[in-house]
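To start, the structure under review is shown below, and the notes come after it.
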Amino acid sequence: MQEQQVIDHLFRHQYGKMVSILTRIFGFKNFELIEDAVQDTFAKATVQWRTKIPENPEAWFTTASKNRVIDLLRKIDADKNRIEKLNYSASAISFTNLFEKEEIQDSELRMIFTACHPELNANDQIAFALKTIGGFSTSEIAAALLIKPETVKKRLTRAKKTIVDRNIDFRFPSKDRLQERLYIVLEVIYLIFNEGFHSNHKKLLVRKELCGEGLRLTKMILSKQELRCGASYALFSLMCFHSSRLETKIDSDFNSINLKNQDRTKWYFPLINLGYNALEKAEDYLDFSAYHLEAAIAAEHVKAKTFEETNWEKILELYSQLQENDKNAVISLSMAIVFIQLQQPEKALEILEEVCPSILGQRSYLYYGVKAKYYQSTGDIGAAINSLNTAITKVANQVEKAYLIKKRDVLLTL
């Protein structure tokens with residue numbers, strides 16, 4: 001359904017922009033009304049575009065949003081003069097100018113840095129930023145953060161209340177707080193990209209629009225001299241390496257293709273080269289982050305001409321460093337897989353025994369998938385099948401489920 005695909009793409013690309021602009025105009029006290037206005041505009045597009053999609057959908061949406069702004073002004077009895085002039089910062093910004101490219105980017109940056117304000121609870125910051133910038137639903141935020149949807153709702157409500165009660169300004173942080181806030185911003189962008197690269201959506205394994213948003217937001221960060229640092233360049237590098245493989249992650253029938261069986265000749269090498277370039281630039285700065293290590297791991301995968309030529313020893317070394325900085329279940333599972341590739345299943349088992357599947361939330365199926373790899377590597381096919389059966393019952397994504405079922409069925413023939 002072409003029109004729905006266009007609307008979905010536009011939603012991801014425009015949601016954060018429109019919410020940011022409207023918040024800049026009306027303030028956080030009207031935030032729920034702002035969210036309703038943006039949702040209304042998309043609902044309107046869904047109805048009107050059934051017969052014909054506009055030649056320039058983005059322009060249509062911008063115009064519709066502007067008109068919705070005027071409706072909002074009337075609804076909240078705002079001073080009519082605010083349509084002509086809005087005083088933010090030293091000079092007045094005209095209403096029309098707020099929808100120009102540079103002002104849109106400025107509004108987006110203000111929003112994402114405000115969402116990551118230190119007066120907000122650390123957990124609330126990320127949930128609120130994913131909602132306002134990425135347009136994530138409650139279930140998507142829950143999957144990205146490995147928490148329950150009910151917890152997400154509480155965090156979003158608390159964040160909105162804190163912003164209003166403490167009258168948090170819609171502006172950039174001071175220079176002495178900029179670096180601290182930037183790292184939280186980068187974490188949010190990282191989560192947006194990850195949900196695109198390995199989605200928890202029921203029907204889609206890859207969501208290119210989210211990967212594109214992650215790249216766009218990081219490029220927007222890098223466009224500002226004061227926001228450039230090793231971490232921001234390293235994150236951009238990581239995204240480039242991963243994005244280069246997007247077209248080979250699923251086949252024409254939307255079946256999942258694992259890294260081992262991907263056609264490496266179809267990887268997009270301009271993005272890979274861009275990733276190498278960004279990783280080099282990251283080394284020019286003093287700060288060092290987990291993104292440096294993750295980008296280095298991704299670089300090892302893309303530089304290997306075949307799966308068999310992968311330098312697993314180097315990857316293990318990088319994962320070990322990553323685990324020292326940020327020990328978590330996902331990294332542990334990755335290390336277990338590396339040990340299996342190095343034909344050291346006993347070490348993989350040691351790691352798996354320390355991981356509690358429930359901590360992975362909606363992604364607990366990953367644990368059982370790795371456990372199946374372990375059993376298969378030791379020749380215990382029955383246990384591998386049982387682990388895959390458990391994984392199949394826990395995975396929500398239909399593409400991932402089909403992939404696991406196919407793996408299990410192959411083992412059943414052995």
Side-chain angles (χ1 to χ4, degrees), residues 9 12-14 16-17 58 101-102 104-105 108-109 112 133-134 179 182-183 185-199 205-250 257-260 262-307 309-311 314-315 318-319 321-322 334:
H9 170 76
R12 294 300 176 183
H13 194 62
Q14 293 288 98
K17 292 181 182 180
E58 190 165 332
K101 184 178 180 181
E102 288 187 5
I104 289 174
Q105 286 193 353
E108 283 190 279
L109 285 171
I112 196 166
I133 300 299
Q179 198 74 11
L182 177 59
Y183 284 125
V185 168
L186 293 177
E187 184 177 355
V188 170
I189 296 173
Y190 174 73
L191 289 170
I192 290 173
F193 181 88
N194 270 358
E195 176 57 25
F197 188 68
H198 195 131
S199 178
L205 180 64
V206 173
R207 301 173 71 181
K208 294 178 184 177
E209 78 280 4
L210 287 179
C211 292
E213 274 299 278
L215 283 165
R216 184 185 69 84
L217 290 170
T218 311
K219 284 179 69 177
M220 190 168 67
I221 293 290
L222 292 172
S223 70
K224 301 286 186 182
Q225 179 70 41
E226 64 272 24
L227 300 180
R228 294 173 189 165
C229 64
S232 53
Y233 272 112
L235 177 58
F236 186 65
S237 171
L238 173 64
M239 291 180 179
C240 287
F241 288 141
H242 282 339
S243 295
S244 71
R245 301 194 292 108
L246 283 176
E247 297 298 330
T248 63
K249 284 195 71 180
I250 53 175
I257 305 174
N258 61 22
L259 181 60
K260 182 178 181 179
Q262 287 175 16
D263 184 349
R264 298 181 180 225
T265 65
K266 292 183 179 179
W267 288 355
Y268 192 63
F269 290 93
L271 266 178
I272 292 174
N273 292 333
L274 197 59
Y276 283 132
N277 182 262
L279 195 53
E280 285 181 12
K281 288 183 178 178
E283 295 173 1
D284 293 337
Y285 295 84
L286 295 177
D287 66 300
F288 187 80
S289 66
Y291 305 126
H292 287 74
L293 295 169
E294 290 197 47
I297 291 168
E300 288 299 325
H301 284 300
V302 298
K303 76 169 58 170
K305 292 182 179 179
T306 65
F307 184 80
E309 293 178 53
T310 305
N311 188 343
K314 178 63 177 178
I315 290 176
L318 292 166
Y319 269 127
Q321 293 178 50
L322 197 57
S334 297

Query raised in the report: Going from CG on Leu217 to CD on Gln105, what distance comes out if it is rounded to the nearest 0.5 angstrom?
Result: 9.5 Å
Report task. Drop me the distance from Leu210's CG to Leu215's CG, to the nearest 0.5 angstrom. Result -> 11.5 Å
**Report entry** Ser237 to Ala295 - nearest heavy-atom pair and separation
**Finding:** OG-CB, 3.8 Å
Report task. Could you walk me through whether Phe197 and Arg245 pass the side chain to side chain contact (heavy atoms under 4.5 Å, CB included) test, one step at a time? Result -> CA-CA 10 Å; Phe197 188 68; Arg245 301 194 292 108; 3.3 Å; yes
Requested in this report: Could you pull out all residues at least two apart from Lys208 that satisfy salt bridge (charged side-chain N to carboxylate O under 4.0 Å, His left out)?
Outcome: Glu247
Report summary line: Residues at least two apart in sequence or cross-chain that pass ring-ring contact (aromatic ring centres under 6.0 Å, His included) with Phe236, listed by chain then number, are none
Requested in this report: Calculate, to the nearest 0.5 Å, the distance between atoms OG and CG belonging to Ser289 and Leu238 respectively.
Outcome: 9.5 Å
Query raised in the report: Mind checking what makes salt bridge (charged side-chain N to carboxylate O under 4.0 Å, His left out) contact with Glu294, not counting sequence neighbours?
Result: none
**Report entry** Minimum heavy-atom distance between Tyr233 and Lys281, given as atom pair plus value
**Finding:** CE2-CD, 3.5 Å
Between side-chain atoms of residues 266-280 and protein atoms elsewhere (two or more places apart, or another chain), which donor-acceptor pairs fall under 3.5 Å?
residue : atom : partner : partner atom : Å
Trp267  : NE1  : Thr248  : OG1          : 3.1
Trp267  : NE1  : Gln262  : OE1          : 3.4
Asn273  : ND2  : Phe269  : O            : 3.4

Query raised in the report: Between Ser232 (side chain) and Arg228 (backbone), is there a donor-acceptor pair under 3.5 Å?
Result: no
Query raised in the report: Is the backbone of Cys240 close enough, under 3.5 Å, to the side chain of Ser243 for a donor and an acceptor to pair up by distance?
Result: no
Query raised in the report: Nearest 0.5 Å, what's the CZ-OG1 distance between Phe193 and Thr218?
Result: 9.0 Å
Report summary line: Separation between CG (Asn194) and CZ (Arg207), nearest 0.5 Å, reads 13.0 Å
Query raised in the report: Where is the tightest heavy-atom contact between Ala298 and His242, given as atom of each residue plus distance?
Result: CB-CE1, 4.1 Å
Query raised in the report: Taking only residues two or more places apart in sequence or in another chain, which ones pass salt bridge (charged side-chain N to carboxylate O under 4.0 Å, His left out) with Lys303?
Result: Glu300
Requested in this report: Scan side-chain atoms only and decide if Tyr183 and Asp287 contain a donor-acceptor pair under the 3.5 Å cut-off.
Outcome: yes
Query raised in the report: For the residue pair Thr310 and Ile315, what are the closest heavy atoms and their distance?
Result: CG2-CD1, 3.5 Å
**Report entry** Smallest separation among heavy atoms of Gln179 and Cys229, with atom names
**Finding:** NE2-CB, 3.6 Å
Query raised in the report: Is the NZ atom of Lys249 crowded by more than 12 outside heavy atoms at less than 6.0 Å?
Result: yes
Query - Heavy-atom closest contact (Tyr291 atom, Ala231 atom, distance) - result: CD1-O, 3.8 Å
Query raised in the report: Can you name the salt bridge (charged side-chain N to carboxylate O under 4.0 Å, His left out) partners of Glu108, sequence neighbours left out?
Result: Arg216
Query raised in the report: What distance separates Ile221 CD1 from Leu182 CG, expressed to the nearest 0.5 Å?
Result: 6.0 Å
Query - Stepwise side chain to side chain contact (heavy atoms under 4.5 Å, CB included) test for Glu213 and Ile133 - result: CA-CA 9 Å; Glu213 274 299 278; Ile133 300 299; 5.8 Å; no
